[in-house]
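In what follows, a single structure is set out as structure tokens and then discussed.
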Amino acid sequence: MQRRTLVTCGLPYANGPAHIGHLRTYIPADLFVRSLRKQGKDTTFVCGSDAHGTPIVINAEELGVTPAELVQKYHDHFDETFKSLNIIFDKFGNTESDTNHNRTTEIVNTLIANGYVFSQSIELAYCPTCDRFLPDRYVEGVCPDCGAVARGDECDQGCGKHLEPGEILEPLCKICRSRAEYRVQEHFFFRLSEFKGFLSDYLDKLGGTSNARNYALGWVNKELHDWCITRNLEWGVPFPDHENLVVYVWVDAPIGYISFTEEWADEHGVDWKKYWMNPGGDTDIIHFIGGDIIYHHCIFWPALLKGAGYTLPRAVVASGMVKIGDKTFSKSRGYVVWVNDDYLDKGFHPDLLRYYLASYTSHTKELNFSWKVFQEKVNNELVGTLGNFVYRTLLFAHKNFGTVPEGDIDPEVMEKIGDARDAVIAAFNEYEFKRGIDAAMNLAAFGNVYFQSNEPWQLIKTDASGAGKVVRNCLQIVKALAVLFEPVMPVTASAAWAQVGMDAGLDGASYDKATVEIAVGQPIPKPAMLFAKIEDRAIQEMEEILEERVSKAVKKKHVTFEEFSELDIRIGTIVSAEPIKKSKKLLRLLVDLGENRDRQIVAGIAETHNPDDLVGRQVVVLANMQPAKLFGVESRGMILAGDSDGAILLMPEREVPAGTAVA
RNA sequence: AGCGGGGUAGGGUAGCCAGGAUAUCCCGUCGGGCUCAUAACCCGAAGAUCGAUGGUUCAAAUCCAUCCCCCGCUACCA
């Protein structure tokens, strides 16, 4: 009995449009699925929109629409965008579907029945000003373990520990910056800690990429905390018997993988349980995800599945993140390239992007997106090597023969093709997409050498059958290239396939077709070029768009005189200055601002200024700066300074009384 | 400072997990060839103490240790 494979992609969050970063996961996954099918493997490919969670609720609120409307909008957007790129899922679902609600409820109930869920009354951050319980990502406070400033769900700058709701100290509402208070509420927890031993064994055997496995093992070897799986929201899957609570989005999102499979199976008369309720059975589940959600897929998710008795994933393939111009993706800073606005709508062919993203570097490494590199790869590799070989071969064949001419296939040529095919298959199966594509591209380069060194354009004058033989060998290579490149560039590969006169489509063609001798007499129609060069102008335009987006993002808005008047800027005299322990940049200053008491101000000038030299100097101070604690020292004001290669302190032209106003 | 990712010819990259004999590929530079092909293609050359030091080994870009540097996020730059 043949094993079947289920491939999934991390669910796009239905809260914004698709950008290039998304594609780093989806394109290789699609490539992988196509490659499996070319090996004759029974493969199903599912994905869908992640519909729940706080950001969607808040964003919908701001836009004046319902969460459901917002989700539908982006669901349709992703669905269309993926299709435009020929990323073809068997099912692209939505975690808000009835199937997913039902499946999530069933799994939660099973976990409860199996004793893996317990309830506990916990204190949760509640903002009296906003009148709501604060989701963890809207809470800021102090890490209970290391004392660093932390986010509600993770001590992201200190010890890196995952924080459960209610753990954080001194909570602050991130929305209105006011002090949050704790209110007691009953919540439900998943006994993740009981799965430590299981996870340790499981991860040892987990397939996929090593970055996922190693990262997760690092966590398992530490301490696993039980996991709060309920939230105060009205949008999501209700927690059984508790109408005011929904299931945490990270529970129902991956369950989407199951429910999408169910929906697909129902539509095709297949039993979904063979996939998901078949532990130790004959199904391989492979998750493709971005490197940012390894924790959820390698820790929480397998524990949930184990606890509820479902099939465990066999592999997790985690892609490296995409950067832009060496900067991390950031919508707010303008470092983003949109799939539609910046690529498809500009008329670039989807296959080019597929090629670039899959072949530039190893799948697990960071990829620094650059229009310049994109252009170089297209023009040199796709146009110069692959496109040129195919076109020169086809045009020569068409002009001189019109059909596939007679002539034996060189054993050396067939061997090269066979080697390339094997290398491509092996590499793709190991998630080494670049290596596989390089192997295919090497075959094209070999084709150019073969054509060049055999000089058919000379032979044709004196020895037509000799030229024919060379041409048939080259056509064989073209045929093989079409097969090998189909997973990467399905549209272009199909075009090449048709151009060598194959009448059946390339879609169902197995890898083995690469070494099936091309039939003599098959018509070779007039070819069209597979790839067009990308002009400098087009790239320049794209670079300008990106630059403009970045500069727009950092541009500051105008302020009114009234707004400016709210700033209390005064001249003060530094009374004392001393370094702050453990900090290399900060000084603790006492400044006379003409008030009863000197102000304590923390300034980040330790690297450029000696404390002793500062005493007695006059500086310009923003006196009504929001007080803040830096390294545990309260700062009530801000010293103004030029920011150029270190701090350049602003000073008055001549000495004035401390407290003199600046306007 | 914490966490993450890196340091391989002028630029960008592969190889590192499973250590071996001329370190990959793309671009650039220099010289040559070809003219079927999208000024494409082919051949050749120069160019790398594989971040540093120490260790393991017959053998290290690859394994171990220590250190340095760069980038990103967060964070002290209030």
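Below, chains carry the letters A, B, ... as their sequence lines are ordered, and counting in each starts from 1. Everything numeric in this text was worked out from a predicted model, so none of it was measured. Scope of the values below: all heavy atoms of this structure, side chains included, with no hydrogens, waters or symmetry mates.
Among the protein residues, V449(A) comes within range of the sugar-phosphate backbone only, with heavy atoms under 4.0 Å from sugar or phosphate atoms but none that close to a base. Looking at heavy-atom distances under 4.0 Å, D438(A) makes no contact with the nucleic acid at all.
Proximity of V575(A) to V591(A): side-chain heavy atoms (C-beta onward) are nowhere separated by under 4.5 Å. In this structure the side chain of N442(A) never reaches within 4.5 angstrom of the side chain of K416(A), judged on heavy atoms. The closest side-chain heavy-atom distance from T209(A) to V316(A) is not below 4.5 Å.
Atom name P, nucleotides C25(B) and A14(B): the rounded distance is 14 Å, in whole Å. Distance noted for atom P between G55(B) and C43(B): 44 Å (whole Å). When the P atom is compared between G6(B) and C63(B), the two are found 12 Å apart, to the nearest whole Å. Across the P atoms, A23(B) and G51(B) are found 15 Å apart, a figure rounded to whole Å. A gap of 9 Å separates the P atoms of C17(B) and C64(B), to the nearest Å. Atom C1' of G2(B) sits at a distance of 49 Å from the matching atom of C30(B), rounded to the whole Å. Straight-line distance between the P atoms of U8(B) and C71(B): roughly 14 Å, to the nearest whole Å. Nucleotides G20(B) and G15(B) place their P atoms 13 Å apart, quoted to the nearest Å.
As the counterpart of G54(B), C64(B) is assigned, both hydrogen-bonding distances of the Watson-Crick or G-U wobble pattern falling under 3.5 Å. Remark: C41(B) base-pairs with G33(B); criterion is Watson-Crick or G-U wobble with both hydrogen-bond distances under 3.5 Å. As the counterpart of A23(B), no nucleotide is assigned, since no Watson-Crick or G-U wobble pattern has both distances under 3.5 Å. Nucleotide U13(B) forms no Watson-Crick or G-U wobble pair with any nucleotide shown, as no partner meets the under 3.5 Å limit on both distances.
Comparing Y360(A) and S210(A) by the nucleotide of RNA chain B that holds the closest heavy atom to each, the one mapping nearer the 5' end is Y360(A).
For the residue pair Y450(A)/D410(A), the side-chain donor-acceptor check at 3.5 Å is satisfied. In summary, the side chains of T492(A) and D351(A) do present a donor paired with an acceptor at a separation below 3.5 Å, with no hydrogens or angles considered.
In this structure a side-chain-to-backbone donor-acceptor pair under 3.5 Å is present from Q476(A) to I518(A). Formation of a donor-acceptor pair under 3.5 Å by the E366(A) side chain with backbone atoms of M321(A) is not found in this model. Proximity of a side-chain donor or acceptor of H19(A) to a complementary backbone N or O of V337(A) within less than 3.5 Å is not detected.
What separates CD of E381(A) from P of A14(B) is a distance of 13 Å, to the nearest Å. Distance CD (Q375(A)) to P (C26(B)): 18 Å, rounded to an integer number of Å. Between L382(A) atom CG and C41(B) atom P there is a gap of 12 Å when expressed in whole angstrom units. Here the P atom of nucleotide A14(B) and the NE2 atom of H363(A) are 14 Å apart, to the nearest Å. Atom CG in N368(A) sits roughly 12 Å away from atom C1' in U13(B) (whole-Å rounding). For Q452(A) and C36(B), the CD to P distance is 11 Å, given to the nearest whole Å. Rounded to whole angstrom, the span from the CD1 atom of I294(A) across to the P atom of G5(B) amounts to 9 Å. Here the P atom of nucleotide G11(B) and the CH2 atom of W371(A) are 25 Å apart, to the nearest Å.
Nearest to the side chain of K365(A), among A14(B), A40(B), C36(B), sits A14(B). Among the nucleotides G6(B), A37(B), C71(B), the one closest to any side-chain atom of K323(A) is C71(B). With A78(B), A14(B), A37(B) as the candidates, the nucleotide lying closest to the side chain of R392(A) is A37(B). Among the nucleotides U38(B), A78(B), C41(B), the one closest to the side chain of V383(A) is U38(B). Distance from the side chain of Y391(A) is smallest to A37(B) among A14(B), G72(B), A37(B).
Aromatic rings from F433(A) and H363(A) are positioned such that their centres are separated by under 6.0 Å. In this structure, F32(A) has its ring center at least 6.0 angstrom away from the ring center of F428(A). Not less than 6.0 angstrom separates the ring centroid of Y356(A) from the ring centroid of W371(A). Aromatic rings of F348(A) and F374(A) (six-membered ring for Trp) have centroids within the 6.0 Å cut-off, being under it.
RNA chain B lies under 4.0 Å from at least one heavy atom of each of the following residues of residues 394-401 of chain A: L395(A), F396(A), K399(A). For the contact set between residues 522-538 of chain A and RNA chain B, defined by any heavy atom under 4.0 Å, the members are M529(A), L530(A), F531(A), K533(A).
Contact check, K377(A) against C27(B): no side-chain N or O comes under 4.0 Å of OP1 or OP2. Of the side-chain N and O atoms in S362(A), one or more sit less than 4.0 angstrom from OP1 or OP2 of G15(B). Between U35(B) and Q458(A), a contact under 4.0 Å exists linking OP1 or OP2 to a side-chain N or O.
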